[in-house]
Amino acid sequence: MNDAATLCRNRRSFIVSIISIACSVCIMLTTGCGLLLSPPQKDGISEDTIYYQAMRLGIQSWQDGQIDAANQMFIQALDRAHMMDAAKNISDAAYNLAACKMIFQQWDQAISLLDEALLTGYHVDDSLLLKARSLYMIGKIDMAQESAEQALKAAQGNNHQEVAIEAQLQLGLFACKAKNESIAYSWLSRAKRTSATPLKSALDKQLTGCLAELANHPGQAASLYDEETNILREQKMYSALPASLARAGSAYAAAGDHKNALDRYYRAAQTAASYRFNKETSHYAELGLHEAQQEHRTDYITVLQSLKDTTHTDFDDTTMKNSKQTTSTP
């Protein structure tokens with residue numbers, strides 16, 4: 001599942017990063033999950049040049065880490081899909097645009113776009129799963145749980161094994177975050193039984209790491225989060241790296257390994273800064289500063305303080321102003 005792979009027909013095989021968002025909830029849960037971008041199709045009405053080019057450029061921009069540019073391209077693709085009255089194209093473009101809104105932490109807009117995608121009847125399981133993650137981030141826990149369960153049911157009904165496994169792991173993470181250890185283990189076991197091969201996904205490592213933390217094994221959790229980071233990097237899911245690194249940093253700190261905690265928080269802050277994740281950069285840098293002080297590393301202190309104080313252009317201020325100039329809100 002490599003987001004730099006050749007564009008293929010099934011959106012589930014085109015996985016890119018879900019989103020490094022820096023609140024304490026995200027460090028534990030949301031940022032390790034995968035987004036499933038819809039590749040442009042060259043079949044039937046999708047051969048429309050304007051739509052196809054907008055989708056292709058949007059996906060390329062996403063791969064290049066240019067999320068604001070991807071946002072603009074997916075807006076154009078969705079507008080074109082509306083003009084064509086093409087339900088499949090509307091579903092794909094709305095889904096991809098929702099992914100961008102999630103990176104911008106615009107959860108309500110993401111949910112609205114996913115509802116639009118769901119109304120088309122295409123890729124229902126994918127959209128329900130992404131909606132579950134968005135609902136969780138705005139504190140609608142019960143609705144998030146329900147949406148994830150609906151995603152699982154839809155995936156099982158359509159024999160979409162990959163989405164079913166993702167939904168089971170997501171439900172496990174919801175349970176782990178709520179400290180329902182037995183339920184979380186149950187969902188992990190179900191995911192393993194569903195998979196025809198041994199699980200090797202970032203979400204699996206994140207859930208297993210979370211369970212290790214609940215069992216008071218922070219060193220083991222840290223190693224699992226490092227494995228999660230490696231998988232994300234291999235799959236080029238780069239925008240999920242900051243939170244994965246921060247999870248590892250938190251676990252190393254809990255294990256008393258301040259040297260590795262400092263390393264992970266520093267890398268988390270640097271990576272977040274490259275994506276202009278302002279709050280994340282500041283938060284991870286602050287956590288890193290604490291570890292640097294523990295290790296008496298004045299060299300890290302200087303750099304981390306600079307990262308903490310640096311202000312980047314915020315996505316909400318630039319991208320959304322541009323979006324409102326180009327199209328009405330979907």
Side-chain angles (χ1 to χ4, degrees), residues 17-33 64-69 71 100 102-107 137 177 202 205-206 209-210 213 218-219 221-233 236-321:
S17 61
I18 187 172
I19 310 165
S20 291
I21 313 198
C23 56
S24 59
V25 172
C26 302
I27 292 176
M28 175 58 67
L29 181 66
T30 303
T31 53
C33 310
D64 293 341
Q66 303 298 319
I67 309 302
D68 48 353
N71 181 76
C100 294
M102 290 176 72
I103 285 193
F104 303 150
Q105 304 181 38
Q106 295 164 353
W107 308 109
M137 291 309 303
K177 182 60 182 175
K205 299 302 180 185
Q206 187 184 161
C210 177
E213 288 193 282
S223 295
L224 287 161
Y225 293 142
D226 279 344
E227 289 183 45
E228 176 198 6
T229 299
N230 290 336
I231 292 172
L232 292 170
R233 190 180 297 108
K236 302 187 186 302
M237 296 164 67
Y238 297 131
S239 67
L241 290 175
S244 178
L245 288 162
R247 275 189 286 276
S250 177
Y252 277 120
D257 186 346
H258 299 293
K259 179 180 178 180
N260 275 317
L262 170 59
D263 172 78
R264 301 309 187 274
Y265 280 137
Y266 169 70
R267 288 159 57 193
Q270 287 278 41
T271 310
S274 73
Y275 276 95
R276 294 186 294 167
F277 294 158
N278 297 347
K279 294 178 182 178
E280 292 83 339
T281 301
S282 178
H283 181 57
Y284 299 153
E286 185 172 1
L287 292 170
L289 281 169
H290 176 75
E291 300 303 320
Q293 289 162 0
Q294 294 287 325
E295 289 291 295
H296 306 289
R297 291 297 300 270
T298 56
D299 49 351
Y300 275 98
I301 289 173
T302 301
V303 176
L304 286 164
Q305 189 63 55
S306 177
L307 281 168
K308 184 176 181 293
D309 295 339
T310 298
T311 301
H312 301 282
T313 303
D314 188 85
F315 278 126
D316 291 348
D317 292 339
T318 57
T319 306
M320 291 314 298
K321 287 179 181 177

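Here, residue 1 is the first one in the sequence, and each next residue gets the next number. Here the structure is a predicted model, which is why all the values come from computation and not from measurement.
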Colleague: First locate atom CG of L307, then atom CD of Q270, and finally report the distance between them rounded to the nearest 0.5 Å.
Modeller: 4.5 Å
Colleague: Would you say the side chain of K205 lies within less than 4.5 Å of the side chain of N230, judging by non-hydrogen atoms?
Modeller: no
Colleague: Could you tell me whether the side chain of W107 reaches within less than 4.5 Å of the side chain of Q105, counting heavy atoms only?
Modeller: yes
Colleague: Please evaluate residues D226 and Y252 with respect to the criterion side chain to side chain contact (heavy atoms under 4.5 Å, CB included), reporting the C-alpha separation (whole Å), side-chain torsions for both, the decisive distance (0.1 Å), and the verdict.
Modeller: CA-CA 10 Å; D226 279 344; Y252 277 120; 2.6 Å; yes
Colleague: Determine whether a donor-acceptor pair (N or O, by modelled atom type, separation under 3.5 Å) exists between the side chain of S306 and the backbone of T302.
Modeller: no
Colleague: Do you know which two heavy atoms are closest between P218 and A254, and how far apart they sit?
Modeller: CB-CB, 3.8 Å
Colleague: For the pair I103 and F277, evaluate side chain to side chain contact (heavy atoms under 4.5 Å, CB included) and give the outcome as yes or no after the intermediate values.
Modeller: CA-CA 9 Å; I103 285 193; F277 294 158; 3.7 Å; yes
Colleague: How would you list, by chain and number, every residue that makes a side-chain contact (heavy atoms from CB on, under 4.5 Å) with A253, sequence neighbours excluded?
Modeller: A261, E291
Colleague: Shortest non-hydrogen contact from A272 to P242?
Modeller: N-CG, 3.7 Å
Colleague: State, to 0.1 Å, how close A255 and G219 come at their nearest heavy-atom pair, and which atoms those are.
Modeller: CB-N, 3.9 Å
Colleague: Please tell me if the side chains of T298 and H296 come closer than 4.5 Å, counting only heavy atoms from C-beta onward.
Modeller: no
Colleague: By side-chain hydrogen bond (donor to acceptor under 3.5 Å, both in side chains), which residues pair with T229, not counting sequence neighbours?
Modeller: S244
Colleague: With rounding to the nearest 0.5 angstrom, report the OG to CZ distance, S250 to R264.
Modeller: 13.0 Å
Colleague: As an exercise, state the distance from NE2 of H258 to NE2 of H290, rounded to the nearest 0.5 Å.
Modeller: 6.5 Å
Colleague: Do Y265 and L304 have side chains that approach each other closer than 4.5 Å (heavy atoms only, starting at C-beta)?
Modeller: no
Colleague: Applying side chain to side chain contact (heavy atoms under 4.5 Å, CB included), run through D68 and Q66 and close with a yes or a no.
Modeller: CA-CA 6 Å; D68 48 353; Q66 303 298 319; 4.2 Å; yes
Colleague: For A268 versus A246, what's the shortest heavy-atom pair and its separation?
Modeller: CB-N, 3.9 Å
Colleague: Between Y238 and D64, is there a donor-acceptor pair closer than 3.5 Å when you use the side chain of the first and the backbone of the second?
Modeller: no
Colleague: Calculate, to the nearest 0.5 Å, the distance between atoms CD and CD belonging to E286 and Q305 respectively.
Modeller: 9.0 Å
Colleague: Mind checking side-chain contact (heavy atoms from CB on, under 4.5 Å) for D263 and listing every partner two or more places apart, or none if nothing turns up?
Modeller: R267
Colleague: Testing the basics here: between I301 and A292, what is the closest heavy-atom pair and its distance to 0.1 Å?
Modeller: CG1-CB, 3.6 Å
Colleague: Which residues pass the side-chain hydrogen bond (donor to acceptor under 3.5 Å, both in side chains) test with E295, sequence neighbours left out?
Modeller: none
Colleague: Mind checking what makes ring-ring contact (aromatic ring centres under 6.0 Å, His included) contact with Y266, not counting sequence neighbours?
Modeller: Y300
Colleague: Taking side-chain hydrogen bond (donor to acceptor under 3.5 Å, both in side chains) as the definition, give me every residue that meets it alongside D257, ordered by chain and number, with sequence neighbours left out.
Modeller: N260
Colleague: Y284 and T271: side chain to side chain contact (heavy atoms under 4.5 Å, CB included), yes or no, with the steps?
Modeller: CA-CA 10 Å; Y284 299 153; T271 310; over 6 Å; no
Colleague: Looking only at heavy atoms, which two atoms of A221 and G209 are closest? And how far apart?
Modeller: CB-O, 3.4 Å
